[in-house]
Amino acid sequence: MDRSKKNRNILGFEDENNGGNRFDRNGADSNKVNSEQLFIQQNDQTIEGMNQKANTLKRIVLDIESQVQESNNLLDRLETDLSGARALLSNTMSKLSDLSRSATNTHMLYLIIFVVFIFMLIWFLTTWTSKSNSV
């Protein structure tokens with residue numbers, strides 16, 4: 001028997017006795033066994049690929065979970081800080097409200113004169129420094 005026939009026989013395509021009758025019962029059983037083995041190998045490869053993808057998704061989900069926990073912790077700290085700032089601002093506003101109710105006209109006049117004086121002082125200093133730089 002030549003080499004190609006022997007290889008075909010090993011692969012289950014030909015029977016040694018009948019010289020290539022593929023429809024022989026032994027050859028059909030051999031083909032059936034080979035196709036089943038091929039099908040099982042393909043299924044195993046598919047299952048392995050699916051396992052790898054499932055593991056990848058598991059890692060991604062765990063990463064997302066840790067990111068969500070970190071974000072929640074950050075938001076909790078931010079909420080605590082903002083509630084403290086809100087209380088401080090509320091306290092300051094109540095003190096300003098009390099001050100505005102108790103302020104007399106003379107206090108307001110002094111405050112306005114002081115603000116005008118500060119603005120004039122700033123204006124004078126900026127014009128004086130710009131004149132001395134240009135000379």
Side-chain angles (χ1 to χ4, degrees):
M1 175 179 352
D2 68 340
R3 186 176 188 148
S4 67
K5 284 188 179 183
K6 186 175 182 181
N7 287 340
R8 290 180 61 82
N9 186 23
I10 291 172
L11 294 173
F13 292 117
E14 291 185 358
D15 187 22
E16 286 182 24
N17 298 331
N18 64 11
N21 184 0
R22 291 176 48 181
F23 299 106
D24 183 31
R25 178 158 176 85
N26 291 335
D29 287 342
S30 175
N31 285 338
K32 184 177 180 183
V33 168
N34 286 338
S35 65
E36 286 176 2
Q37 288 175 346
L38 180 63
F39 183 70
I40 290 171
Q41 288 175 348
Q42 289 173 346
N43 281 344
D44 289 342
Q45 290 172 352
T46 303
I47 289 170
E48 181 63 32
M50 291 170 71
N51 282 336
Q52 290 174 352
K53 289 178 183 179
N55 288 334
T56 302
L57 286 174
K58 182 179 177 182
R59 283 192 306 266
I60 290 171
V61 166
L62 291 175
D63 289 343
I64 290 172
E65 180 184 15
S66 67
Q67 288 290 331
V68 166
Q69 288 176 349
E70 288 177 23
S71 296
N72 283 339
N73 291 338
L74 180 65
L75 287 173
D76 289 341
R77 287 192 309 257
L78 181 65
E79 182 180 0
T80 303
D81 292 344
L82 285 177
S83 65
R86 185 180 309 122
L88 182 64
L89 184 61
S90 174
N91 189 20
T92 303
M93 290 302 291
S94 67
K95 286 182 180 181
L96 282 175
S97 176
D98 291 344
L99 180 64
S100 68
R101 275 188 250 126
S102 67
T104 61
N105 289 337
T106 55
H107 286 113
M108 291 303 225
L109 180 64
Y110 291 144
L111 180 64
I112 291 172
I113 291 171
F114 177 73
V115 169
V116 169
F117 174 74
I118 294 295
F119 280 122
M120 290 179 70
L121 181 67
I122 292 172
W123 175 76
F124 176 73
L125 289 175
T126 56
T127 56
W128 182 67
T129 56
S130 65
K131 287 180 182 179
S132 63
N133 287 339
S134 64
V135 175

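Everything quoted here is computed from the prediction, not taken from an experiment. Computed from heavy atoms alone, side chains included, the values below leave out hydrogens, waters and symmetry copies.
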Working to the nearest 0.5 Å, report the span between [atom1] of [X] and [atom2] of [Y].
X	Y	atom1	atom2	answer
Asn73	Gln69	CG	CD	7.5 Å
Lys58	Leu62	NZ	CG	6.5 Å
Met50	Gln52	CE	CD	12.0 Å
Leu82	Leu75	CG	CG	10.0 Å
Asp76	Asp81	CG	CG	11.0 Å
Arg86	Met93	CZ	CE	14.5 Å

Open item on the list: I'd like to know if the side chain of Asn55 reaches the main chain of Asn51, judged simply by a donor and an acceptor atom lying under 3.5 Å from each other, with no hydrogens or angles considered.
Closed with: yes
- [ ] Please confirm whether the backbone N or O of Gln42 pairs with a side-chain atom of Thr46, one donor and one acceptor, at under 3.5 Å?
- [x]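 Flag set: sc Thr46 to bb Gln42 pair under 3.5 Å.
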Open item on the list: Tell me whether the count of non-hydrogen atoms from other residues, nucleotides or ligands lying under 6.0 Å of CD in Glu79 goes above 12.
Closed with: no
Side-chain heavy atoms nearer than 4.5 Å, only ILVMFWY residues, links allowed to pass through others: does that put [X] and [Y] together?
X	Y	result
Ile60	Val68	yes
Ile47	Phe39	no
Ile113	Phe119	no

- [ ] Identify the residue among Leu38, Asp44, Asn43 that makes a side-chain contact (heavy atoms from CB on, under 4.5 Å) with Ile40.
- [x] Asp44
